[in-house]
Engineer: 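Before I ask anything, let me first share the structure, which is written out below as structure tokens.
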Amino acid sequence: MTEITIKKYTIDRDKSAQDAMKTMDLSDRKSLFVVDNELFLVGSLTDGDIRRWILSGGNLNEPIKNICNNKPIIFPEDYNPDKVKSVML
């Protein structure tokens, strides 16, 4: 996968919750990978994470590194589909 393709699914950790909402809205994606400037995975962010943040009184200008799931479940490139399914269920 090329960096150009990956960038469609990522957002910088220092962007605001409002920036993330705009990115999700424009791309029709419900989740993004939160990365640092080296494209190192920092966490994952879903529209639900942002909704819960708003409902808890969170500021939309807050950096998403403070909102995202910073312990996402990841699998190696040669993942076992049955293992992924088991974890998802």
Side-chain angles (χ1 to χ4, degrees):
M1 191 178 289
T2 66
E3 183 176 321
I4 294 169
T5 303
I6 291 171
K7 284 192 175 198
K8 293 191 309 188
Y9 303 98
T10 64
I11 188 165
D12 185 274
R13 66 182 173 187
D14 294 319
K15 294 287 188 177
S16 70
Q18 186 171 2
D19 291 331
M21 289 170 53
K22 287 178 186 176
T23 300
M24 287 179 185
D25 189 51
L26 290 173
S27 67
D28 255 355
R29 287 180 177 61
K30 302 284 186 197
S31 62
L32 296 167
F33 296 109
V34 181
V35 296
D36 64 14
N37 58 356
E38 300 291 323
L39 292 180
F40 183 79
L41 181 66
V42 174
S44 63
L45 183 74
T46 67
D47 59 344
D49 294 327
I50 296 172
R51 280 195 311 272
R52 285 185 290 280
W53 177 255
I54 292 168
L55 290 172
S56 72
N59 183 331
L60 289 178
N61 293 315
E62 185 78 19
I64 57 174
K65 66 184 173 192
N66 299 334
I67 303 168
C68 72
N69 172 7
N70 60 8
K71 293 182 182 179
I73 298 171
I74 58 173
F75 291 93
E77 205 171 315
D78 61 342
Y79 67 90
N80 176 324
D82 291 329
K83 171 72 174 167
V84 173
K85 184 177 179 180
S86 169
V87 169
M88 290 177 70
L89 294 174

Engineer: Under 3.5 Å, which donor-acceptor pairs do the side chains of residues 19-26 form with other protein atoms, sequence neighbours left out?
Structural biologist:
from  : atom 1 : to    : atom 2 : distance (Å)
Asp19 : OD2    : Ser16 : N      : 3.2
Asp19 : OD2    : Ser16 : OG     : 3.2
Thr23 : OG1    : Asp19 : O      : 3.0

Engineer: Quick check for you: to the nearest 0.5 Å, what is the distance between Ile64 atom CD1 and Arg13 atom CZ?
Structural biologist: 10.5 Å

Engineer: Considering all heavy atoms of both residues, which atom of Asn59 and which atom of Trp53 are nearest to each other, and what is their separation?
Structural biologist: O-NE1, 3.0 Å

Engineer: What distance separates Asp49 CG from Ile54 CD1, expressed to the nearest 0.5 Å?
Structural biologist: 11.0 Å

Engineer: For Cys68 and Ser44, which heavy atoms make the closest approach, and how far apart are they?
Structural biologist: CB-O, 3.2 Å

Engineer: If two hydrophobic side chains count as joined below 4.5 Å and joins carry through other members, does Phe33 share a cluster with Ile74?
Structural biologist: yes

Engineer: Salt bridge check, Asp12 against Lys15: does any charged N sit closer than 4.0 Å to a carboxylate O?
Structural biologist: no

Engineer: When rounded to the nearest 0.5 angstrom, what distance separates CZ in Arg51 from OG1 in Thr46?
Structural biologist: 7.0 Å

Engineer: Which heavy atom in Val42 sits nearest to a heavy atom in Val35, and how many Å separate them?
Structural biologist: CG2-C, 3.8 Å

Engineer: Rounded at 0.5 Å granularity, tell me how far CG in Asn69 sits from CD1 in Ile67.
Structural biologist: 12.5 Å

Engineer: If you measure from OH on Tyr9 to CG on Leu32, what distance do you get to the nearest 0.5 Å?
Structural biologist: 11.0 Å

Engineer: If you look at every heavy atom in Ala17 and Ile50, which pair is closest and at what distance?
Structural biologist: O-CD1, 4.1 Å

Engineer: Just verifying a value: how many Å separate Asp47 CG and Arg52 CZ, rounded to the nearest 0.5 Å?
Structural biologist: 8.5 Å

Engineer: Not counting sequence neighbours, which residues clear side chain to side chain contact (heavy atoms under 4.5 Å, CB included) with Tyr79? List them please.
Structural biologist: Phe75, Pro81, Val84

